[in-house]
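Let me begin by presenting the structure, written as structure tokens, before commenting on it.
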There are 2 protein chains.
Amino acid sequence: MRLSDSIESFIKAMLSQEEPAVELKRNELAEYFGCAPSQINYVLATRFTLDDGYVTESRRGGGGYIRIVRVVESGQQRLAYLINERIGSAITEEEAVRLIGQLVQQQVITLPEGEIMRAAVSGQALSVPVPDAVKDALRARSMKSMLTAVARQNRGALKG
Amino acid sequence: MRLSDSIESFIKAMLSQEEPAVELKRNELAEYFGCAPSQINYVLATRFTLDDGYVTESRRGGGGYIRIVRVVESGQQRLAYLINERIGSAITEEEAVRLIGQLVQQQVITLPEGEIMRAAVSGQALSVPVPDAVKDALRARSMKSMLTAVARQNRGALKG
DNA sequence: TCAATTCTGACTTTCTTTGACCAATGCCAG
DNA sequence: CTGGCATTGGTCAAAGAAAGTCAGAATTGA
């Protein structure tokens with residue numbers, strides 16, 4: 001068995017029972033597995049990505065830590081996946097606005113939340129000197145990030 | 001637990017019960033926590049900034065003190081300040097997160113709204129190959145755009 | 001074999017803590 | 001008054017304590 005797989009299992013075991021989040025010390029974990037600390041980063045980068053349904057935060061310096069949060073429950077995974085599919089790696093402002101409108105309509109998000117999202121992906125927000133293609137990519141990432149935040153909050157109770 | 005966190009909690013506990021302000025002696029507090037007096041300054045500088053919603057004043061010499069005041073503003077005032085003065089043309093993710101947290105704290109926006117905004121300005125959302133300076137500029141525009149949307153909605157539903 | 005994946009180590013960045021030195025204030029002795 | 005001195009708090013740089021990055025070595029699987 002690969003080291004990475006062991007570390008992955010170890011972390012997932014910590015997360016599995018009711019715990020939606022876990023906090024760990026990079027150096028301690030590396031010590032425990034007898035490997036280089038950067039190995040932990042590798043595992044996080046390859047097995048605990050947003051697409052895998054996890055968000056990680058960390059802090060350096062004295063008392064530093066790494067926190068891993070499971071973000072998508074199996075039931076919602078479908079929805080999140082659909083959203084990801086639909087958005088892809090680029091999306092125009094018009095498409096984004098339409099999609100947000102639908103979400104408000106379906107009461108997945110509130111009207112104020114929809115307005116904020118619309119503002120975030122508006123031409124206003126993105127009027128910076130980069131090519132349109134980059135803007136569309138940026139908009140897609142922004143949308144996915146925001147929708148993930150929504151999914152994370154609606155833990156368990158989403159209506160399609 | 002970090003020393004800084006302990007000191008932060010201690011001060012916030014003093015502030016929490018109806019007290020909008022607290023006055024303390026730097027040396028006494030340092031003595032109490034068994035640390036260097038300058039540690040207190042560090043805590044103030046990193047956790048009781050204006051972005052966090054606090055103002056600090058102090059006086060040296062005999063009978064000297066440090067006073068920490070929780071600043072109170074209306075939601076519209078705060079929004080206007082952020083949009084017109086604070087954010088400017090560039091802002092880092094850390095600063096943005098701080099400002100958003102403060103808005104949630106003061107109930108200018110809801111927690112889900114805050115999460116969405118945070119998601120919109122996160123490194124995740126902006127992980128596109130452009131220089132940091134451009135990301136900071138993008139983030140500033142995004143923030144102002146979203147906050148403007150919030151301000152627009154609050155208009156009419158607020159007194160003064 | 002060879003390309004993709006996994007691992008490592010040196011180097012970087014960020015956050016915390018301390019200590020030496022600086023600056024302001026109030027009080028007294030002269 | 002006034003100049004010194006004790007009493008505070010302020011600043012800053014350096015040391016310490018994590019975590020992050022990245023290029024390249026090692027390994028694995030087809």
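Heavy atoms only: backbone and side chains are in, while hydrogens, waters and symmetry mates are out. Chain letters run A, B, ... following the sequence lines, proteins first, then strands; residues in each count from 1.
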A:Ile66 CD1 to C:dT14 C1', straight-line distance once rounded to whole Å: 14 Å
Which residues share a side chain to side chain donor-acceptor pair (under 3.5 Å) with B:Ser145, sequence neighbours left out: A:Ser122
Sequence neighbours excluded, every pair satisfying salt bridge (charged side-chain N to carboxylate O under 4.0 Å, His left out) that has a member inside residues 95-105 of chain B: B:Asp52-B:Arg98, B:Arg86-B:Glu95
Distance in angstrom units between A:Tyr65 OH and C:dT14 P, rounded: 16 Å
Length of the line joining A:Arg26:CZ and C:dG9:C1', which is rounded to integer Å: 11 Å
Within residues 49-103 of chain B or reaching into it, pairs that qualify as ring-ring contact (aromatic ring centres under 6.0 Å, His included) - sequence neighbours excluded: B:Phe48-B:Tyr54
Sugar-phosphate only, base, or nothing, as touched by A:Asn41 at under 4.0 Å among non-hydrogen atoms: base
Protein proximity profile, nucleotides 15-21 of chain C - base contact B, sugar-phosphate-only contact S, no contact -, cut-off 4.0 Å on heavy atoms: BBBBB--
Non-neighbouring partners of B:Ser16 that pass side chain to side chain contact (heavy atoms under 4.5 Å, CB included), sequence neighbours left out: none
Partners passing side chain to side chain contact (heavy atoms under 4.5 Å, CB included) against B:Ala96 (at least two apart in sequence or in another chain): B:Ile91, B:Val121, B:Arg139, B:Met143
Least distance between heavy atoms, B:Arg47 atom then B:Arg2 atom: NH2-NE, 4.2 Å
Salt bridge (charged side-chain N to carboxylate O under 4.0 Å, His left out) contacts touching residues 22-45 of chain B (sequence neighbours left out): B:Glu23-B:Arg67
Pairs involving residues 116-150 of chain A, ordered by first then second residue, that meet ring-ring contact (aromatic ring centres under 6.0 Å, His included) (sequence neighbours left out): none
Other ILVMFWY residues reachable from B:Met1 by side-chain steps of under 4.5 Å: none
Rounded (10°) bend between the five-pair end axes of the helix from C:dT1-D:dA30 to C:dG30-D:dC1: 0°
Outermost nucleotides of DNA chain D that come under 4.0 Å of a non-hydrogen atom of chain A: D:dA17 to D:dG29
Hydrophobic cluster partners of B:Val69 (side-chain heavy atoms under 4.5 Å): none
